[in-house]
There are 2 protein chains.
Amino acid sequence: MSDTKRRSYHHGDLHRALIDAALAMLAADQNWTFTLREVARRTGVSHAAPYKHFQDKDALLRELARIGFVRLEQAMVAALSSGPVSARGKLVAGAQACIAFAQHNPGLYRLMFSADADKAADPRLHEAAMATFGVLLRLLQEGQQDGSFRPAALTALAAASWAQVHGLAMLAMNGQLLEEKVGPDPVQAALEVLLDGLCQSHRKGH
Amino acid sequence: MSDTKRRSYHHGDLHRALIDAALAMLAADQNWTFTLREVARRTGVSHAAPYKHFQDKDALLRELARIGFVRLEQAMVAALSSGPVSARGKLVAGAQACIAFAQHNPGLYRLMFSADADKAADPRLHEAAMATFGVLLRLLQEGQQDGSFRPAALTALAAASWAQVHGLAMLAMNGQLLEEKVGPDPVQAALEVLLDGLCQSHRKGH
DNA sequence: CCAGAAAAGTTTTCCCTGTAAACATGGAGG
DNA sequence: CCTCCATGTTTACAGGGAAAACTTTTCTGG
């Protein structure tokens, strides 16, 4: 009764309903080739109605991506808060949360980092992406302050860490890190490699 | 005379011409939203002609991706052959070649690793991708044999290395590794982190 | 050397999409 | 109560992908 009150003409919360339908189709197909008309159809609304809420299809996609970043940030923060205390342990937990998110939401994750979710075209999306990235930055910074990580430029460590985590997420999504093919817990193993590099002090030669 | 002989009806080498036109548009726009009809138009041929050479648009995209992998493999092999002798030096050279390729061909690189270039749908594409990956595998294997890299599971090292290189390529393409923002030669710095991790032997606890 | 099949183009056709424009409706404030 | 504005709907149009049917070359075997 309470939320099933359907008004005949005005939907009530079409904005949200469109996003939900689009997220569902994204999850179902693992791609964002769905049509705006189909989104409208599933929401029981005319094919032009979405344009009252999103300037065009790309605007809807950007909003989906933004939501994805918010959720990813939440997942990573949750993983950090519950458990590990060492910088090393926190980094592993955050990385695994990110990789798990990618595996559970492959379509959304790919959209978030695709050119179709153009951060330059949407300040809110850009902001959400930066906030997510900030989780990693803080992590590294804290680890540096307590001496766990080498005192190199923070941005260099961030580039290495982010590249590693994002690359692993991609490989995991593509099913290229299955145990049969690659041994037990390849994610853990790869993160060990990263962490050993992060912890160790510089060598002399190169 | 030799290659300018244009026959009126039959094109001569439409297959190649379509690929060239599509590659040009991919490079120009850095995306593959171009239409098959536009490719046909630029090639001076009717809009249905491409279907004689490619089953559908995705088949053309897969062929572009395949060519991309072949070129990337060539670039990496070339970087290895000319110069560095140490395993460490070779890995850096190969990685930098890959990242440079991504920066010079962002559209193509993204296509190669997008879901639109579905490796499961095209054995030739899959084969080309594996061959490129093989360059990295051989590199790591040789480095392990001469003691440069830790004797962990090869696939774990490969996952870590590939994730790092691919992740860096993505960041570089997105302009997130510019010197102003991230200090001098962040790629080199990030690769150092990886290499330190690759070289070091296991720690005891984790 | 020639018939006819196969290959490679073209035209036609269909249905679908994104998006704009014009119109309709219903709820909220004066 | 009446009018305005946000939110929907209908209508319209310019494309695009892909299939089908038709045409023109080229190739190939007898």
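Computed from heavy atoms alone, side chains included, the values below leave out hydrogens, waters and symmetry copies. Bear in mind the structure is a predicted one, so any value in this text is a computation, not a measurement. In the text below, chain A, chain B and the rest are named by the order of the sequence lines, each starting its count at 1.
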Backbone N or O of A/R124 within a donor-acceptor pair of the A/D122 side chain at under 3.5 Å?
-> yes
Nearest-Å distance, CZ (B/R16) to P (C/dA8)?
-> 15 Å
Could you go step by step and tell me if B/H104 and B/Y109 meet the ring-ring contact (aromatic ring centres under 6.0 Å, His included) rule?
-> CA-CA 9 Å; B/H104 293 140; B/Y109 190 86; over 10 Å; no
Could you give the NZ-to-P distance, from B/K52 to C/dT11, as a whole number of Å?
-> 13 Å
Any ion pair linking A/R88 and A/D196 (charged N to carboxylate O, less than 4.0 Å)?
-> yes
Starting from P on D/dA6, measure out to NE2 on A/H15 and report it in whole angstrom.
-> 16 Å
Between A/Q145 and A/Q141, does any side-chain donor sit less than 3.5 Å from a side-chain acceptor?
-> no
Heavy-atom contacts, protein to nucleotides 12-18 of chain D, under 4.0 Å, summarised as B (base), S (sugar-phosphate only) or - (none) per nt, yield B---SBB
Relative to each other, are the rings of A/H166 and A/F113 parallel, tilted or perpendicular (30° and 60° limits)?
-> tilted
A/F34 six-ring face occupied by A/K57 cation (under 6.0 Å, within 45°) | yes
Mind calculating the distance between CZ (A/F54) and C1' (C/dG18) to the nearest angstrom?
-> 16 Å
Testing C/dA22, C/dA20, C/dT11 for proximity to the side chain of A/A48, the answer is C/dA20
